[in-house]
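One structure is given here, and the rest of the page talks about it.
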Amino acid sequence: MRAGLVQLCVSDDPERNLPETRALVREAAETGAQWVLTPEATNILNADRATQDRVLRTEDADPTLAALQGDARTLGIWLLIGSLSLKTGEVGDDRFANRSFLIAPDGGIRARYDKLHMFDVRVSDRESYCESAAFRPGDRAVVGMGPWPIGMTVCYDLRFPHLYRDLAQAGAQVLTVPAAFNDTTGAAHWEVLLRARAIETGCYVLAPAQCGTHANVLCPDRKVRRSHGHSLAVDPWGTVIGDGGEERGVTLVDLDPAGVVGARSRIPSLTHDRAYRGPRDDHA
């Protein structure tokens, strides 16, 4: 199967972002991709809560989701929408969802996953994030049954290896990690973590990413944000087989089920778990 990783540089305006996203999805399909993947925050990157509340929609009313479902149907492709920022309508919690979607070639939603781990970090004295202030975390790991069994994750989830082991042991053969990694952590950790997750699980890892400097159209006075880019595809042995570089575009890679079987037969660590006492257990 040929997969196409779409690399975007979205703004804070969902209406402005959609045409380019659709064009790159179509480009990927027209160049042979049977499965197309977009990054985290496909519809918007915006840290202004008031603007988010004004422009975001619920799942059933979101124009980006509806348009991309239609494109999947028209093009006859599987589509992973890396994530969309959405209102939830949840009573008592007005935070948004950071939700990934697996779309079938008939345009139907086959799986949903809400990002589990919130990016609440202080990277440096000048750079900090508190994702949980605007987004509520999910509470469920998901293996979507698409072209392959797919372990669905988003961005900061990448730093929690037990999640990926659980997904692989539940049947996932491909792990998706759509992301908007910032420049600092991306340069230091992005590739090595993705390769580690592939090696640990014997899975393909597909990680479509945001890149470049994101325009503030609706909130021109806010500090601009930069993303690392380098959408990566890693095979089950840990070899990088596709790198999207630093510009918008599409990266095509071919996936072979034999690669999963081969890696797991050579290093069958997924079957070698042993029970053990924890470091906090009383051994007296």
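Predicted model, so just to flag it, every value in this text is computed and none were measured.
Rounding to the nearest 0.5 Å gives a distance of 14.5 Å between OG1 of Thr42 and CZ of Arg99. Interatomic distance, CZ of Phe96 versus CG of Asp114, reported as 14.0 Å (0.5 Å rounding). The CG atom of Leu252 lies 11.0 Å from the CD1 atom of Ile241; values are rounded to the nearest 0.5 Å. Note that CZ of Arg54 is 9.0 Å distant from CG of Asn46, once rounded to the nearest 0.5 Å. Note that the SG atom of Cys211 and the CD atom of Glu246 stand 8.5 Å from one another [nearest 0.5 Å]. Residue Leu45 holds its CG atom at 5.5 Å from OG of Ser227, rounded to the nearest 0.5 Å.
Between Asn216 and Val224, the closest side-chain pair of non-hydrogen atoms falls below 4.5 Å. Looking at Arg22 and Val25, their side chains never come closer than 4.5 Å, going by heavy atoms from C-beta outward. At a threshold of 4.5 Å between non-hydrogen side-chain atoms, the residues Leu194 and Val192 do not count as touching. The side-chain heavy atoms of Asn17 and Leu8, taken from C-beta on, include no pair separated by under 4.5 Å. Considering only heavy atoms from C-beta on, Leu56 comes within 4.5 Å of Asn43 through its side chain. Here the side chains of Trp78 and Gln34 are not in contact, with every heavy-atom distance at 4.5 Å or above. Put simply, the side chain of Thr185 reaches to within 4.5 Å of the side chain of Arg159, judged on heavy atoms. Looking at heavy atoms from C-beta onward, His230 lies out of side-chain contact with Glu191 at the 4.5 angstrom threshold.
The pair Asp94-Arg49 counts as a salt bridge, with a side-chain nitrogen and a carboxylate oxygen less than 4.0 angstrom apart. We find that Asp254 and Arg2 are joined by a salt bridge, their nearest charged nitrogen and carboxylate oxygen being less than 4.0 Å apart. Classification of Lys115 and Glu131 as a salt-bridged pair holds, one side-chain N sitting under 4.0 Å from a carboxylate O.
Not a single donor-acceptor pair under 3.5 Å links the side chain of Arg110 to the backbone N or O of Gly108. Checking side-chain atoms of Asp62 against main-chain N and O of Arg57 turns up no donor-acceptor pair under 3.5 Å. Remark: side-chain polar atoms of Ser231 are not paired, donor with acceptor, to backbone N or O of Gly244 under 3.5 angstrom. Asp281 contributes a side-chain N or O that, together with a main-chain N or O of Gly278, makes up a donor-acceptor pair within less than 3.5 Å. At distances below 3.5 Å, at least one donor-acceptor pair connects side-chain atoms of Arg95 with backbone N or O atoms of Ser132. Remark: side-chain polar atoms of Thr201 are paired, donor with acceptor, to backbone N or O of Cys203 under 3.5 angstrom. In this structure a side-chain-to-backbone donor-acceptor pair under 3.5 Å is missing from Gln7 to Pro208. Between the side chain of Thr31 and the main chain of Glu27, a donor-acceptor pair closer than 3.5 Å is present.
With Cys9 as the fixed residue, the side-chain contact (heavy atoms from CB on, under 4.5 Å) test singles out one of Glu247, Arg248, Glu20: Arg248.
A continuous path of ILVMFWY side-chain contacts below 4.5 Å connects Val154 to Leu193, so both sit in one hydrophobic cluster. Linking Ile, Leu, Val, Met, Phe, Trp and Tyr whenever their side-chain heavy atoms come within less than 4.5 Å puts Ile150 and Tyr164 in one cluster. Put simply, Leu175 and Met152 are part of the same group of oily side chains (I, L, V, M, F, W, Y) that touch within less than 4.5 Å, one to the next. Two different hydrophobic clusters hold Val240 and Val6 under the rule that ILVMFWY side chains link at heavy-atom gaps under 4.5 Å. Residues Leu18 and Leu80 do not share a hydrophobic cluster, defined by chaining ILVMFWY side chains whose heavy atoms lie under 4.5 Å apart.
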Item to check | salt bridge (charged side-chain N to carboxylate O under 4.0 Å, His left out) between Arg222 and Asp48, intermediate numbers included | outcome: CA-CA 8 Å; Arg222 291 194 69 89; Asp48 183 78; 3.5 Å; yes

Item to check | CA sep, side-chain torsions, deciding dist, call: Glu40, Ser83, side chain to side chain donor-acceptor pair (under 3.5 Å) | outcome: CA-CA 4 Å; Glu40 179 184 27; Ser83 80; 4.7 Å; no

Checklist entry - For Asp13 and Ser11, what are the C-alpha separation, side-chain angles and deciding distance, and is it a side chain to side chain donor-acceptor pair (under 3.5 Å)? => result CA-CA 5 Å; Asp13 183 353; Ser11 73; 5.5 Å; no

Next on the checklist: Run Leu255 and Leu206 through side chain to side chain contact (heavy atoms under 4.5 Å, CB included) and show every step you take.
Outcome noted: CA-CA 10 Å; Leu255 313 181; Leu206 302 181; 4.1 Å; yes

Next on the checklist: With side chain to side chain contact (heavy atoms under 4.5 Å, CB included) as the criterion, how do Leu84 and Leu65 come out once you've worked through the C-alpha distance, each side chain's angles and the decisive distance to 0.1 Å?
Outcome noted: CA-CA 8 Å; Leu84 300 175; Leu65 176 58; 3.7 Å; yes

Item to check | Evaluation steps, salt bridge (charged side-chain N to carboxylate O under 4.0 Å, His left out), between Arg136 and Asp93 | outcome: CA-CA 8 Å; Arg136 57 133 177 88; Asp93 190 342; 5.3 Å; no

Checklist entry - Stepwise, does the salt bridge (charged side-chain N to carboxylate O under 4.0 Å, His left out) test hold for Glu200 with Arg165? => result CA-CA 7 Å; Glu200 291 161 352; Arg165 187 173 188 82; over 6 Å; no

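Within a 6.0 Å radius of CD in Glu90, other residues, nucleotides and ligands contribute more than 12 heavy atoms.
Judged as a ring pair (Phe, Tyr, Trp, His ring centres under 6.0 Å), the pairs with a partner in residues 100-124 (not counting sequence neighbours) are, in order, His117-Phe160, Phe119-Tyr129, Phe119-Tyr156. Each side-chain hydrogen bond (donor to acceptor under 3.5 Å, both in side chains) pair with one or both residues in residues 166-175, not counting sequence neighbours, appears once here: Gln169-Asp273. Within the structure, side-chain hydrogen bond (donor to acceptor under 3.5 Å, both in side chains) contacts touching residues 203-213 (residues at least two apart or in different chains) are Thr213-Arg226.
The ring pair (Phe, Tyr, Trp, His ring centres under 6.0 Å) search around His214 returns none, not counting sequence neighbours. Judged as a side-chain contact (heavy atoms from CB on, under 4.5 Å), and not counting sequence neighbours, the contacts of Ala141 are Leu163, Leu167. Not counting sequence neighbours, the partners of Phe181 by the ring pair (Phe, Tyr, Trp, His ring centres under 6.0 Å) test are Trp190.
Residues Cys155 and Ala179 come closest through the heavy atom pair SG-CB, 3.7 Å. His228 and Gly186 make their closest contact through NE2-O, 3.4 Å (heavy atoms, listed as atom of the first residue, atom of the second, distance). Nearest heavy-atom pair, Ala33 versus Ala3, reported as atom, atom and distance to 0.1 Å: CB-C, 4.1 Å. For Ala47 against Gln52, the heavy-atom pair with the smallest separation is CA-NE2, 4.3 Å. Between Ala28 and Val250 the shortest heavy-atom distance is CB-CG1, 3.7 Å. In terms of heavy-atom proximity, Leu68 sits nearest to Leu79 at O-CD2, 3.6 Å.
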